[in-house]
Protein chains: 2
Amino acid sequence: MSRAPAKQLEPRKTPVQTRSAVTVHAIAEATIQVLLERGPDRLTTTRVAARAGVSVGTLYQYFPNKQALLFAVLEDHLGRVAAAVEHASSASEQAPLSVMVEKVVTAFIDAKMLRADISLALYAVAAELDGARLVARLGSRTQRALARMLDTASDAHFEDAAFTAGMMLAAMSGTIRAVFEAGVRPKAVRRFRAELQLMCEGYLRAAARPAKECTGSGPGLAQCSQPSAAHTPDQ
Amino acid sequence: MSRAPAKQLEPRKTPVQTRSAVTVHAIAEATIQVLLERGPDRLTTTRVAARAGVSVGTLYQYFPNKQALLFAVLEDHLGRVAAAVEHASSASEQAPLSVMVEKVVTAFIDAKMLRADISLALYAVAAELDGARLVARLGSRTQRALARMLDTASDAHFEDAAFTAGMMLAAMSGTIRAVFEAGVRPKAVRRFRAELQLMCEGYLRAAARPAKECTGSGPGLAQCSQPSAAHTPDQ
DNA sequence: GCATTCGATGAAGCATCCTTCAGGTTTGGA
DNA sequence: TCCAAACCTGAAGGATGCTTCATCGAATGC
């Protein structure tokens with residue numbers, strides 16, 4: 001989102017001793033804590049360093065600037081989620097749609113929920129630095145994995161699995177975001193999980209061109225519609 | 001998102017002469033332009049004022065601080081979208097699901113697309129100030145309108161229309177956000193519109209408890225599942 | 001024409017905070 | 001034990017940018 005020229009985001013120095021490895025981890029963890037307690041605009045490098053129990057100078061030894069620090073934390077979190085979904089996807093190939101949806105949705109929500117606090121705090125971060133690029137990068141990896149899975153569905157066929165996967169991913173990300181921002185309560189999460197499965201499966205069945213016949217469940221549902229053509233996916 | 005104590009966000013002074021009304025509008029418009037051209041972290045009050053052709057002092061005569069300025073712009077935009085969806089909802093009561101979905105999705109996308117540039121620029125703003133509260137406020141208004149509409153569907157019945165409406169809203173917001181952030185191309189928008197309708201209708205049919213019988217379209221689709229109970233909605 | 005309110009100005013105060021660097025401490029191997 | 005590399009320190013430089021206020025210009029009512 002930021003128009004600022006992308007600064008150096010790579011780590012300045014790689015830890016070689018155990019001591020510094022601990023330090024780097026402490027800094028990353030402190031970043032999240034400060035983010036949660038003070039909010040994104042009250043997050044200063046000095047504060048993060050203090051929280052981590054080191055001095056600012058140390059922080060700058062491993063992260064060239066503040067953006068790089070936030071970027072690293074964001075990357076780590078998104079990477080975990082992406083990996084979880086990819087794993088669930090590849091493990092569910094050849095399965096029927098309902099199983100795929102259940103596995104993927106569960107994996108996605110669990111990965112996000114594992115550290116719901118971080119997820120929430122990072123939404124603001126993603127907007128400030130050019131998180132869009134990072135989201136795009138990790139997102140498209142995930143999207144490809146999802147598409148590969150969809151292509152192997154035992155009970156459905158997709159004209160353009162990549163596009164469909166993109167929509168599904170967007171729906172999952174979007175809805176979970178809404179849930180986070182509304183405040184997560186444990187009960188609600190269980191219900192949300194079930195409902196998101198309904199949504200994904202409902203969408204996939206509607207988007208699929210069933211190999212057999214069209215078993216519409218009511219008038220108006222464009223269940224047999226053929227997408228105009230195979231465009232390039234939108235994500 | 002911000003933990004900062006909510007500052008005064010209300011306008012400091014209401015324009016009484018035409019002159020100042022023009023000024024206020026110019027400032028708001030300039031805010032958007034600066035946001036688009038320089039990005040959120042390069043947006044300064046001085047820059048906005050200069051762009052609007054006034055001095056900083058003037059800006060502070062109508063907006064108590066920078067946050068209030070951004071807040072006003074965000075509120076205006078979200079308000080327009082909310083109004084569009086509400087209008088489409090109330091205009092589609094008593095209709096079948098497919099019509100409802102078509103009207104609402106179209107209204108939503110059109111409202112967002114009308115000034116796609118603003119939508120995109122404001123995602124960052126919403127994260128920085130406590131946009132969550134604003135989104136919640138306007139969102140729940142919209143959600144209620146959607147729920148009212150769903151309750152009158154001629155061909156479906158919902159156990160908990162409020163919850164279902166929340167999910168649908170989240171899906172719409174989430175997916176359109178993904179599209180915006182991926183970069184909008186006109187062709188893709190048309191396709192996205194159709195696909196989002198598929199998704200919403202697919203979800204609603206899956207979430208509804210059909211009055212007649214359960215016409216499942218395949219194994220595994222929990223089309224007749226009864227949500228555990230009527231909880232309070234999640235948004 | 002005058003007084004009062006409204007509107008606009010912009011230099012300067014003030015605060016925040018990112019980042020550096022010169023010099024200290026710790027570690028691990030020789 | 002000693003040394004070189006790794007690691008850490010934190011005060012200070014330097015830049016940015018929000019916000020105020022004393023002052024001037026414009027409009028409106030009488």
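Everything numeric in this text was worked out from a predicted model, so none of it was measured. Reminder, nothing fancy here: chain letters follow the sequence lines and each chain counts from 1.
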> For residues 168-178 of chain B, which residue pairs qualify under salt bridge (charged side-chain N to carboxylate O under 4.0 Å, His left out), counting only residues two or more places apart or in two chains?
Replying inline: R177(B)-E181(B)

Could you go through nucleotides 6-15 of chain C and list every protein N or O atom that sits under 3.5 Å from one of its N or O atoms, giving the distance for each pair?
{"unit_1": "dG7(C)", "atom_1": "OP1", "unit_2": "V16(B)", "atom_2": "N", "d": "3.1"}
{"unit_1": "dG7(C)", "atom_1": "OP1", "unit_2": "Q17(B)", "atom_2": "N", "d": "3.1"}
{"unit_1": "dG7(C)", "atom_1": "OP1", "unit_2": "S20(B)", "atom_2": "OG", "d": "2.6"}
{"unit_1": "dG7(C)", "atom_1": "O4'", "unit_2": "R19(B)", "atom_2": "NH2", "d": "3.2"}
{"unit_1": "dA8(C)", "atom_1": "OP1", "unit_2": "T23(B)", "atom_2": "OG1", "d": "2.5"}
{"unit_1": "dA8(C)", "atom_1": "OP2", "unit_2": "Y62(B)", "atom_2": "OH", "d": "3.0"}
{"unit_1": "dA8(C)", "atom_1": "N7", "unit_2": "Q61(B)", "atom_2": "OE1", "d": "2.9"}
{"unit_1": "dT9(C)", "atom_1": "OP2", "unit_2": "S55(B)", "atom_2": "N", "d": "2.7"}
{"unit_1": "dT9(C)", "atom_1": "OP2", "unit_2": "T58(B)", "atom_2": "OG1", "d": "2.9"}
{"unit_1": "dG10(C)", "atom_1": "N7", "unit_2": "S55(B)", "atom_2": "OG", "d": "3.3"}
{"unit_1": "dG10(C)", "atom_1": "N7", "unit_2": "G57(B)", "atom_2": "N", "d": "3.4"}

>> Need one value for L43(A): base, sugar-phosphate or nothing, where a base atom within 4.0 Å counts as base even if backbone is also close, heavy atoms only.
In response: sugar-phosphate

>> Please confirm whether the shortest side-chain N or O distance from Y60(A) to OP1 or OP2 of dT20(C) is below 4.0 Å.
In response: no

Side-chain donor-acceptor pairs under 3.5 Å in residues 77-86 of chain B, sequence neighbours left out?
{"unit_1": "H77(B)", "atom_1": "NE2", "unit_2": "S119(B)", "atom_2": "OG", "d": "3.0"}
{"unit_1": "R80(B)", "atom_1": "NE", "unit_2": "D76(B)", "atom_2": "OD2", "d": "3.1"}
{"unit_1": "R80(B)", "atom_1": "NH2", "unit_2": "D76(B)", "atom_2": "OD2", "d": "3.4"}
{"unit_1": "E86(B)", "atom_1": "OE2", "unit_2": "R141(B)", "atom_2": "NE", "d": "2.9"}
{"unit_1": "E86(B)", "atom_1": "OE2", "unit_2": "R141(B)", "atom_2": "NH2", "d": "2.8"}

Under 3.5 Å, which donor-acceptor pairs do the side chains of residues 18-29 of chain B form with other protein atoms, sequence neighbours left out?
{"unit_1": "R19(B)", "atom_1": "NH2", "unit_2": "Q17(B)", "atom_2": "OE1", "d": "3.4"}
{"unit_1": "S20(B)", "atom_1": "OG", "unit_2": "Q17(B)", "atom_2": "O", "d": "3.0"}
{"unit_1": "T23(B)", "atom_1": "OG1", "unit_2": "R19(B)", "atom_2": "O", "d": "3.1"}

> So which pairs with a foot in residues 104-113 of chain A pass side chain to side chain donor-acceptor pair (under 3.5 Å), sequence neighbours left out?
Replying inline: D110(A)-R193(A)

>> Among residues at least two apart in sequence or on other chains, which ones pass side chain to side chain donor-acceptor pair (under 3.5 Å) with Q197(A)?
In response: none

> How long is the line joining CZ of R42(B) and C1' of dC18(D), in whole Å?
Replying inline: 16 Å

> In whole angstroms, how far is the P atom of dG14(D) from the CG atom of N65(A)?
Replying inline: 20 Å

>> R144(A): which residues meet the salt bridge (charged side-chain N to carboxylate O under 4.0 Å, His left out) condition with it, sequence neighbours left out?
In response: none

>> Roughly what angle, to 10°, lies between the helix axis at the start of the helix from dG1(C)-dC30(D) to dA30(C)-dT1(D) and the one at its end, five pairs per end?
In response: 10°

>> Quick one, T175(B) and E195(B) - any side-chain contact, counting heavy atoms below 4.5 Å?
In response: no

>> According to side chain to side chain donor-acceptor pair (under 3.5 Å), who are the partners of Q33(B), at least two apart in sequence or on a separate chain?
In response: R51(B)

>> Is any side-chain heavy atom of R137(A) closer than 4.5 Å to one of E75(A)?
In response: yes

> Rounded to the Å, how far apart are Q67(B) CD and dC18(D) P?
Replying inline: 11 Å

> In whole Å, what is the span from the CZ atom of R47(B) to the P atom of dT19(D)?
Replying inline: 16 Å

>> Just to be sure I understand the rule, does T45(A) reach a base, reach only the sugar-phosphate, or reach nothing, if contact means heavy atoms closer than 4.0 Å?
In response: base

> Within this structure, what is the CZ-to-P distance between R38(A) and dT16(C), rounded to whole angstrom?
Replying inline: 11 Å

> In whole angstroms, how far is the P atom of dT20(C) from the CZ atom of F63(A)?
Replying inline: 15 Å

